[in-house]
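Note sheet for the following structure.
Nothing here was measured: the structure is a model prediction, and the numbers come from that model. Below, chain A is the first sequence line, B the second, and so on; all start at residue 1.
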Number of protein chains: 2
Amino acid sequence: MTEFLDLHSRTSKALRAAAEAGMQRHGLHLGQNHLLAILWERDGRTPGEIAAAVNVTTPAVVKMAGRMADAGLITRRRDDRDNRLVRLWLTDAGRALRGPIETERRVLEQKVTENLTDTERGHLMSALAKVYQSASDLLGGTIPAG
Amino acid sequence: MTEFLDLHSRTSKALRAAAEAGMQRHGLHLGQNHLLAILWERDGRTPGEIAAAVNVTTPAVVKMAGRMADAGLITRRRDDRDNRLVRLWLTDAGRALRGPIETERRVLEQKVTENLTDTERGHLMSALAKVYQSASDLLGGTIPAG
DNA sequence: CCGAGATCGTGTACCGGTTAACGACTTGCT
DNA sequence: AGCAAGTCGTTAACCGGTACACGATCTCGG
């Protein structure tokens, strides 16, 4: 029963583990690369902005940023104009990871899909997109019907 | 970049959230249904057995079992013959959830794949299976090459 | 029969994520 | 000017998962 859900979650776990292993080769933990990717694109963003971009809650970003600051990948600095805001800046170490991490990620994507033909890959992407859409709709439709 | 990985993880998150919502309607947390499913099939298993069956580490099962025992879904009892072993037994409350939870899960699977034709669903399953295989191979292949 | 090793559950310390509560700071309106 | 309301980051308490260390217990060989 629930063939698809089971297969998907098993796949999810395997991919997660593979990604984790790949990231750890560069001293990163899973998820931190997403945060870095945002900062690579543009420095000095706030936790809230990053959270929205990565589709995660703000506290998650705050905690992760704390660990990454301890690890010397980024620094936290208060905004001068609006003192509520905190802005995250890359350190040289954080900036230096860009190339290696992006490569690592590309390689993983390639390895994981290497047994698929182009057609299969296309089917997979479009079907997955539909599932994603349905699942998102399900979540959004939770509030109504008062 | 990394189209597939991104789409998959987004889908994963949406499915996870949807499953969580569904389970909470019955007072369960995500993941607990897997543990219950094992016990529904056969009572009195050990944390180690369950961990292997669900493909999770033993401490994860121990912690979850603790919470579920507190919630009155299962009870823990030491094995008489081998005192190292602990066996988990369903309470009436835990047993009663079987029908509702299995239905909930089937409904979710159906809703999430309802926009797929049979062909699409078949393609999705087989492609996902290949990805799963590749990812698993990647993990297994971490040790060698000394 | 007894000690070395294997086995098993548990505790601790992590990571990543969530929701809810909180305090500090801005803004907007009177 | 000053206060109410909104915005923002942080903290705390959860859940699920991992790796690692530990102590209790069983088993098997001498």
By salt bridge (Lys or Arg N to Asp or Glu O under 4.0 Å), which residues pair with A/D80, not counting sequence neighbours? none
Considering only NZ, NE, NH1 and NH2 on the basic side and carboxylate oxygens on the acidic side, decide whether A/D118 and A/R121 come within less than 4.0 Å. no
Check: A/Q24 side chain, A/H29 main-chain N or O, donor-acceptor pair, under 3.5 Å: no
Do other residues, nucleotides or ligands put more than 12 heavy atoms under 6.0 Å from B/K13 NZ? yes
Selection: residues 28-36 of chain B, any non-hydrogen atom under 4.0 Å of DNA chain C: none
Non-neighbouring partners of B/Q110 that pass side-chain hydrogen bond (donor to acceptor under 3.5 Å, both in side chains), sequence neighbours left out: none
Could you tell me the separation between the OG1 atom of A/T113 and the CD atom of B/E3, rounded to the nearest 0.5 Å? 10.0 Å
Under the salt bridge (Lys or Arg N to Asp or Glu O under 4.0 Å) rule, collect the residues that match up with B/R10, sequence neighbours excluded. none
Taking all non-hydrogen atoms of both residues into account, name the closest pair between B/P47 and B/V62 and its distance. CB-CG2, 4.2 Å
Whole Å only: how far is the CD atom of A/Q24 from the C1' atom of C/dC14? 11 Å
Is there a chain of hydrophobic side chains (I, L, V, M, F, W, Y, each step under 4.5 Å between heavy atoms) that links A/L7 to B/F4? yes
Kindly write out the residues that satisfy ring-ring contact (aromatic ring centres under 6.0 Å, His included) with A/H123, not counting sequence neighbours, or none if the list is empty. B/H123
Mind running a 4.0 Å heavy-atom check of residues 64-75 of chain B against DNA chain C and sending the residues that fall below it, in number order? none
Figure out the CG/C1' separation between A/L139 and C/dT19, and round it to whole Å. 16 Å
Would B/D6 and A/R105 count as a side-chain contact (heavy atoms from CB on, under 4.5 Å) if you check the C-alpha gap in whole Å, the side-chain angles of each, and the deciding distance to 0.1 Å? CA-CA 10 Å; B/D6 281 1; A/R105 188 132 178 115; 3.0 Å; yes
Using a 4.5 Å cut-off between side-chain heavy atoms of Ile, Leu, Val, Met, Phe, Trp and Tyr, which other residues end up in the same hydrophobic cluster as B/I50? B/M23, B/L28, B/L35, B/L36, B/I38, B/L39, B/W40, B/V54, B/V56, B/V61, B/M64, B/M68, B/L73, B/I74, B/V86, B/L88, B/L90, B/L97, B/I101
Outermost DNA chain D nucleotides near chain B [under 4.0 Å, heavy atoms]: D/dC15 to D/dC26
Taking the nucleotide of DNA chain C with the closest heavy atom to each, which residue, B/R76 or B/K13, is nearer the 5' end? B/R76
If every non-hydrogen atom of B/L108 is compared with every non-hydrogen atom of B/A18, which pair is closest and at what distance? CD1-CB, 4.0 Å
Check each residue of residues 82-91 of chain B for a non-hydrogen atom within less than 4.0 Å of any atom in DNA chain C, then write out the ones that pass by number, or none. B/R84, B/L85, B/V86
Under the rule for side-chain hydrogen bond (donor to acceptor under 3.5 Å, both in side chains), what residues qualify as partners of A/E41, not counting sequence neighbours? A/R45
Using atom CD of B/E20 as one end and atom C1' of C/dG17 as the other, report the distance to the nearest whole Å. 11 Å
Whole-Å distance separating the CG atom of B/D79 from the P atom of C/dT10: 13 Å
Residues forming a side-chain contact (heavy atoms from CB on, under 4.5 Å) with A/N83, sequence neighbours excluded: A/R78
B/R77 CZ to C/dG9 P, straight-line distance once rounded to whole Å: 15 Å
Does any residue of residues 46-62 of chain A have a heavy atom under 4.0 Å from DNA chain C, and if so, which ones, in number order? A/V56, A/T57, A/P59, A/A60
Base, sugar-phosphate or nothing for A/K63? Non-hydrogen atoms, less than 4.0 Å. base
Please report the shortest heavy-atom distance between B/T11 and A/H8, naming the atom on each side. CG2-CE1, 3.8 Å
